[in-house]
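The structure appears below as structure tokens.
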Amino acid sequence: MMHDTAKAADATFLLLDWYDRHHRDLPWRVAPPMARKGVVADPYHVWLSEVMLQQTTVQAVKAYFNKFLMLWPTVIDLAEANIEDVMKAWAGLGYYARARNLKKCAEAVAGEHGGRFPDNEEGLKALPGIGDYTAAAVAAIAFNRRSAVLDGNVERVISRLYAIETPLPAAKSEMRARVLDLTPEDRPGDFAQAMMDLGATICTPKRPACSLCPFRASCLALAMADPETFPRKAEKKQKPLRLGAAFVAIDRSNAVYLQKRADTGLLGGMTEVPGTGWTARRDGETSIDAQPFAASWEPCGTITHVFTHFELRLSVYRANVQRAETGANGWWEPIASLKAQALPTVMKKAIAQAIPHAFKAERI
DNA sequence: AAATCGGGGAT
DNA sequence: ATCCCAGATTT
């Protein structure tokens with residue numbers, strides 16, 4: 001039996017019907033008219049988009065997805081790419097471990113799977129950077145496998161549809177069972193994308209458009225008159241403030257001194273300007289005491305940047321430096337080519353604070 | 001189970 | 001200011 005209840009089958013039909021009428025055209029997606037004929041998207045495209053979309057909005061991903069396909073049209077191309085080029089292309093998208101795992105995964109697919117992605121959840125989940133969600137999503141969307149696709153959108157839809165009182169993340173296994181029960185044998189990929197679209201456009205965190213929802217007749221949270229209070233969530237603690245300093249050295253040819261961060265941890269493998277550690281300063285210690293090399297450092301203000309689990313305030317210093325006076329850790333990069341470096345946003349902010357025109361378009 | 005890991009848009 | 005986004009990995 002496809003569904004535990006006839007009610008679940010009704011809900012599934014209503015959602016797919018809604019998707020056929022409202023689906024969004026996205027670069028990695030096969031539209032319903034083709035999907036209904038059994039056409040599936042390229043697994044490489046589906047995987048690439050799903051990894052980019054982890055904790056990242058559709059709007060932010062579009063440009064990066066197109067850029068990656070242009071640079072590396074197949075998973076083989078990506079497997080053979082230079083990791084430094086991949087980090088540069090990923091710069092600005094965040095969660096940089098994704099980029100390193102992306103490269104590792106491409107290498108595994110090319111080297112151990114003959115260039116083809118595994119066509120099932122178990123095989124997919126064994127690959128780097130692919131967890132419960134991405135394995136289920138790729139299996140459903142690229143291989144028509146019936147799997148429980150549960151992301152933040154679906155958690156919200158399901159928690160409201162069934163008025164689930166258990167707070168996240170403890171409620172995940174219950175939600176997964178509910179989603180799988182709703183998932184049809186036919187068009188599981190379209191069903192998954194429909195659930196996510198519903199969460200993104202109708203069943204929104206604030207002020208959901210319940211009157212337009214295909215589930216409006218059976219939603220228990222709507223019947224209780226408080227759909228916005230779902231999903232229940234455990235409380236989160238507030239972010240601490242960390243302090244530090246960044247040093248922007250400029251030579252006579254208008255180049256900036258850069259270095260590479262360690263491959264693991266925060267901003268792992270990305271490029272930075274020299275700086276202090278990012279912690280609450282001890283009594284009596286000042287940022288300028290931690291200069292990377294002797295120079296006439298001039299303070300040029302502070303920048304702030306908010307990370308997932310702390311807020312950072314960086315004092316920015318600038319100095320004109322001769323090349324012979326620096327250490328051997330890094331390299332000098334012309335200002336004109338800074339834009340193409342693997343600089344995370346916080347580092348672009350620091351450099352822009354010291355050199356306001358650094359990332360502006362060239363003027364003739 | 002809790003902590004780590006970015007960045008930006010919506011409200 | 002707060003929330004949250006097509007989450008995964010490590011501790």
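All values below come from the heavy atoms of this structure, side chains included, with hydrogens, waters and symmetry mates left out. Per chain, numbering begins at 1; letters A, B, ... match sequence-line order.
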Quick one: which protein N/O atoms are closer than 3.5 Å to N/O atoms of nucleotides 7-11 of chain B? Pair and distance per line, please.
residue, atom, partner, partner atom, Å
B:dG7, OP1, A:Tyr96, OH, 2.6
B:dG7, OP1, A:Thr345, N, 2.9
B:dG7, OP2, A:His305, NE2, 2.9

Mind checking who shares a hydrophobic cluster with A:Phe230, ILVMFWY linked at side-chain heavy-atom distances under 4.5 Å?
A:Met224
With sequence neighbours excluded, what pairs up with A:Trp331 under the ring-ring contact (aromatic ring centres under 6.0 Å, His included) test?
none
Which donor-acceptor pairs under 3.5 Å do side chains of residues 120-130 of chain A form with protein atoms, sequence neighbours excluded?
residue, atom, partner, partner atom, Å
A:Asn120, OD1, A:Glu122, N, 3.2
A:Asn120, OD1, A:Gly123, N, 2.8
A:Lys125, NZ, A:Asp132, OD1, 2.5

Using a 4.0 Å heavy-atom cut-off, does A:Val58 contact any base of the nucleic acid, only the sugar-phosphate backbone, or nothing at all?
base
Using a 4.0 Å heavy-atom cut-off across all strands, classify A:Trp90 as base, sugar-phosphate, or nothing.
nothing
Residues that A:Phe293 engages under ring-ring contact (aromatic ring centres under 6.0 Å, His included), provided they are two or more places apart:
A:Tyr257, A:Trp297
C:dA8 and B:dG9, which share atom name P, separated by this distance in whole Å
23 Å
Apart from A:Val30 itself, what residues make up its hydrophobic cluster when side-chain heavy atoms of I, L, V, M, F, W and Y under 4.5 Å apart count as a link, directly or indirectly?
A:Met34, A:Val39
With a 4.0 Å heavy-atom cut-off, tell me which residues in residues 151-170 of chain A come close to DNA chain C, sorted by residue number.
A:Asp151, A:Gly152, A:Asn153, A:Arg156
What residues, two or more places apart in sequence or in another chain, satisfy salt bridge (charged side-chain N to carboxylate O under 4.0 Å, His left out) together with A:Asp151?
none
Just distance, no hydrogens or angles: give the donor-acceptor pairs under 3.5 Å from side chains in residues 96-104 of chain A, sequence neighbours left out.
residue, atom, partner, partner atom, Å
A:Tyr96, OH, A:Gly92, N, 3.0
A:Arg98, NE, A:Tyr95, O, 3.4
A:Arg98, NH1, A:Val51, O, 3.1
A:Arg98, NH1, A:Met52, O, 2.8
A:Arg98, NH1, A:Gln54, O, 3.0
A:Arg98, NH1, A:Thr56, OG1, 3.1
A:Arg98, NH2, A:Thr56, OG1, 3.3
A:Arg98, NH2, A:Leu93, O, 3.2
A:Arg98, NH2, A:Gly94, O, 3.0
A:Arg100, NE, A:Asp263, O, 3.1
A:Arg100, NH1, A:Asp263, O, 3.4
A:Arg100, NH1, A:Gly268, O, 2.5
A:Arg100, NH2, A:Asp263, O, 3.3
A:Asn101, ND2, A:Ala97, O, 3.3
A:Lys103, NZ, A:Ala79, O, 3.0
A:Lys103, NZ, A:Ala81, O, 3.2
A:Lys103, NZ, A:Glu107, OE2, 2.5

Can you list the residues that meet the salt bridge (charged side-chain N to carboxylate O under 4.0 Å, His left out) rule with A:Asp251, with sequence neighbours excluded?
A:Arg323
Show every salt bridge (Lys or Arg N to Asp or Glu O under 4.0 Å) that has at least one partner inside residues 13-27 of chain A, sequence neighbours left out.
A:Asp17-A:Arg21, A:Asp20-A:Arg36, A:Asp20-A:Arg187, A:Arg24-A:Asp197
For A:Leu150, report the nucleic acid contact type (base, sugar-phosphate, nothing); a contact means any heavy atom under 4.0 Å.
nothing
If you check the A:Pro205 side chain, which of C:dC4, C:dA6, C:dG7 turns out closest?
C:dC4
A:Lys237 has a side chain; which of C:dC3, C:dA6, B:dA3 sits nearest to it?
B:dA3
Using a strict heavy-atom distance below 4.0 Å, which residues from residues 118-141 of chain A are in contact with DNA chain B?
none
